[in-house]
Amino acid sequence: MVMQGSLKPLGVLVSGYGSNLQAILDACAQGVVAGRVACVISSNARAFAGERAKNAGVPYYVLPNATPEERDAHITALLKKHDVQGVCLAGYMRLLTAGFVDTWWDRVFNIHPSLLPAFKGMNAQRQALSAGVKVTGCTVHFVRPAMDEGPIILQATTPVFADDTEDTLAQRLLPLEHRTYVQALKWYCDDRLRIQGERVFVIPAAEAKS
Ligand code: GAR
């Protein structure tokens, strides 16, 4: 049995629908990830992700309008209040300041709907279709100050079909994102991730415990 005290407190930053948040909430509740969502912070008062947080009984905060520096200081204060040890960007559509990334170095994760380093930024699915790639996917990575950059933990792929639209591609990617994010967070919460330069290694479970 996993004791509550040994669960890593996670903070999740959202802006929209929150399906990745839901996958993280479910994986924690089911004991798949040895973590617990300690708080959810949104940049958007209308985000459906807020309903998900409330339904799960998790403290939920909407960020005030502020400068990026003020906003990120506010996020850090909330994360510290909840003793957060890992910060998950889950469809969070604001660029974090370098100061924030520095404070939480090697403890911030992002999910992106492309095979990074291809198609950074907004509308990754549209970019993939425009580029004519036949395979795309999703990436979970540690966050660095530049957008959608940082050591890659895990990726998953899907074919791009001739009749795909931005929407069909996005819908097919989401379940892949959920599985990939949950797996990466499972490794993190089990202390199994090691970063060397740009590469991330998953160490055997037995080694992590010793
Ligand atoms: C997901 O596809 C996520 O990868 C993407 O926003 C969507 C959020 O969905 N994030 C980015 O593009 C970040 N660069 P969700 O709110 O249902 O989790």
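When a ligand or atom number is given, it counts from 1 through the structure's own listing order.
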Check ion pair Arg126-Glu166 (N to O, under 4.0 angstrom): yes

Note: Asp191-Lys8 ion pair, threshold 4.0 Å (strictly below): yes

Verify same cluster id: Val33, Val200 (apolar side-chain graph, 4.5 Å): yes

In one Ile/Leu/Val/Met/Phe/Trp/Tyr side-chain cluster, 4.5 Å: Tyr188, Ile24: yes

Any side-chain heavy-atom pair of Val108 and Phe100 under 4.5 Å: yes

Enumerated ligand 1 atoms positioned under 4.0 Å from heavy atoms of Asp148: 14 (N)

Ligand 1 atoms in contact with Tyr17 (distance to a heavy atom under 4.0 Å): 16 (O), 17 (O)

Atom 8 (C) of ligand 1: nearest protein contact (heavy atom, Å): Gly91 CA, 3.6 Å

Residues forming a side-chain hydrogen bond (donor to acceptor under 3.5 Å, both in side chains) with Gln155, sequence neighbours excluded: Thr139

Side chain to side chain, Tyr92 and Val14, heavy atoms closer than 4.5 Å: no

Top protein contact for atom 12 (O) of ligand 1, by heavy-atom distance: Pro113 CD, 3.4 Å

Whether Met93 lies under 4.0 Å from ligand 1, heavy atom: yes

Protein heavy-atom partner closest to atom 3 (C) of ligand 1 - residue, atom, separation in Å: Glu177 OE1, 3.3 Å

Atom 16 (O) of ligand 1 [closest protein heavy-atom partner, distance rounded to 0.1 Å]: Gly18 N, 2.7 Å

Closest protein heavy atom to atom 14 (N) of ligand 1, given as residue, atom name and distance to 0.1 Å: His112 ND1, 3.0 Å

Sequence neighbours excluded, every pair satisfying ring pair (Phe, Tyr, Trp, His ring centres under 6.0 Å) that has a member inside residues 48-80: Tyr17-Phe48, Tyr61-His82

Proximity flag Ala124 to ligand 1, non-hydrogen atoms under 4.0 Å: no

Distance-only N or O hit between ligand 1 and Tyr92, under 3.5 Å: no

Proximal ligand 1 atoms for Ser19, defined as those under 4.0 Å from one of its heavy atoms: 15 (P), 16 (O), 17 (O), 18 (O)

